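Reading through the structure tokens given below for one structure.
Just so it is clear, the values below take in all heavy atoms, side chains as well, and ignore hydrogens, waters and symmetry mates. Being a predicted model, the structure only gives us computed values, none of them experimental.
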Amino acid sequence: MKLRLIAAAAIPILIGATAVGTQTGASASRLLAAANPSGPVVTISNSEGGTWPCNFNPFNPGYLSLTVGVIYEPLVFVNTLENSRTTPWLATGYQWSAANKILTFTIRAGVHFTDGTPLTPADVVYTFDLMKSHPALDINAVWSALRSVTQSGADKVVMTFKSPGLTYFYYVADQIGIVPQHIWSTVKNPVTFLDPNPVGTGPFTVHNCNPQNITYVKNTHYWQPGLPKVATIEYPAFTSNPPANTYITSGLANWGAQPLPNIKTSYVGKNPNNHYWFPPVANVSLFLNQHNSPLADLAVREAIAYGLDRPRISQIGELGYEPPANQTGIVLPTFKSWLPKADANVYAYDPAKSLAILKSAGLRRSGSGVWTTPSGQPLSFNLIVIGGYTDFVADTQVIKSELQAIGIQITVQTLSSDAFDSDLYNGNYQIAINAETGGPTPYYEFRQWLFSANSAPIGQAAATDFERYSNPATDALLSAYASTSSLRDQQTIMNKLISVMTNYIP
């Protein structure tokens, strides 16, 4: 499930801090217990804005959370909200050596895939080699930093980095689900493979999938004794937030992740066991396609940044649940220690400044009120949004109104989640509202926005950096951050990355 844990990519206009709302109710399990007498049932009412394609490929960025952690497991779990606290998973331990250029994992014995085949270090090596041979699978561009991944002895996997790789630990240990070599080696095209009957080591297997619902059932031979506690997960598809909200407020679901109007009255007040949590983890952003000539003009991006009243968008579109973002890209309050005080209010709402910037850049305002470039291109853009995300749609209406007031015309296009993902990943859009996933520090979201190795030419799917930003100096900053373990040096580099966000790609 995407869980709305999406953020922004390079050249973003930052709007708000996105969060995951978790609600836990008590009614749904008794409604479904008759269908599954062997144990508890959890039902999720999370709107994804479309139906299920039954794609369980763990390398597909659009559906990672349907598989990674649920079916396919990582080597180590990294808790991004608890100072990157690690929990051994398919690896029982790890060790750095050679000045943090070599990372050695000890692979857990006694783990089996759900078809009964033992997990071996060879499966781990194969998984990483698969991403190397098919770069489209390498979602976080780990092979831009890796030199090799090899097996050592009966239980070790050794990863050698081109330079100190501490920052890449999160990606290689936590973000990659290990696949079985004996199955994936027979797949003709792993990039397009839907993996309809996935075989992993995880706590659940797919019992049934259709466009309307996914049913996961407990892996009765799971390697962690006594787990999972839940026997069945029902995951119905919702194409928009309102029916998903009704499902959870009426007690038909235990858990959801979407904005719920009047949550204290409509949900929390109905049952003392009902709770919610909105941890700020990433930025809701506007992605501005760098291959659109007006948007490639810094003055136009600056005008848009000054023309957005982020607190107003937060209150109207996000019901006040998600605080307004700041243009530095630092999520508050989660990463407040990384934000220089002087940068906290850059690009505060100032429509008069927007107008002055456009006029100074040589643009003219037509009789209709819309600005045009010296070459005659109007500042008129399509803004794509997942139609089922009613909060994002509400955001776009505020954005449209505010930008229209400064002479920038916005046409909002509501799309299904699949159509939106296709347009976003392939660069077939002008402006999009979405988010990246972030990570244990601000670096990870910055890397998703700004690292050119994560992007792709227009017409080819990018894993992140959807707006196709590319700057060798920025790539060098990101690489330098990843190569040092000094917090002081990392803060210095982060300040320079913040300058990129505020001086070049607002």
For this session: Scan for side chain to side chain donor-acceptor pair (under 3.5 Å) pairs involving residues 334-346, sequence neighbours excluded, and state none if there are none.
Result: none
Problem set entry | Where at least one partner belongs to residues 55-83, residue pairs that pass salt bridge (Lys or Arg N to Asp or Glu O under 4.0 Å), sequence neighbours excluded | Glu82-Arg85
Test side-chain contact (heavy atoms from CB on, under 4.5 Å) applied to [X] - qualifying residues, sequence neighbours left out:
{"X": "Ala361", "value": "Ala299, Leu363"}
{"X": "Ser360", "value": "none"}
{"X": "Phe169", "value": "Val76, Val78, Thr86, Tyr94, Trp96, Leu103, Phe105, Ala173"}

Seminar exercise, completed: Across all chains, not counting sequence neighbours, the salt bridge (charged side-chain N to carboxylate O under 4.0 Å, His left out) partners of Arg312 are Glu402
Over all heavy atoms of both residues, which pair between [X] and [Y] is shortest? Give the atoms and the distance, please.
{"X": "Asn434", "Y": "Phe420", "value": "ND2-CE2, 2.8 Å"}
{"X": "Tyr235", "Y": "Asn46", "value": "OH-ND2, 2.9 Å"}
{"X": "Asn454", "Y": "Ala141", "value": "OD1-CB, 3.1 Å"}
{"X": "Leu450", "Y": "Asp475", "value": "O-OD1, 3.6 Å"}
{"X": "Ile498", "Y": "Pro340", "value": "CD1-CD, 3.7 Å"}

Holding to ring pair (Phe, Tyr, Trp, His ring centres under 6.0 Å), I want the full list of residues that pass it with [X], two or more places apart in sequence or in another chain.
{"X": "Phe381", "answer": "none"}
{"X": "Tyr170", "answer": "Tyr444"}
{"X": "Tyr168", "answer": "none"}
{"X": "Phe77", "answer": "none"}

Exercise. Applying the side-chain hydrogen bond (donor to acceptor under 3.5 Å, both in side chains) test to Gln258, which of Asn245, Thr390, Asp391, Asn241 qualifies?
Worked result: Asn245
Problem set entry | For Thr127, side chain to side chain donor-acceptor pair (under 3.5 Å) partners two or more places apart | none
Exercise. In Å and rounded to the nearest 0.5 Å, what is the OG1 to CE distance from Thr328 to Met501?
Worked result: 7.5 Å
For this session: Can you run down the disulfide (SG to SG under 2.5 Å) pairs that involve residues 328-407, sequence neighbours left out, and say none if there aren't any?
Result: none
Exercise. Any donor-acceptor pair under 3.5 Å linking the side chain of Gln490 with the backbone of Thr484?
Worked result: yes
For this session: Can you label the angle between the Tyr321 ring and the Tyr276 ring as parallel, tilted or perpendicular, going by 30° and 60°?
Result: tilted
Problem set entry | Flag for Gln460-Asn426: side-chain donor and acceptor within less than 3.5 Å | no
Exercise. Thr373 and Ser375: side-chain donor and acceptor closer than 3.5 Å?
Worked result: yes
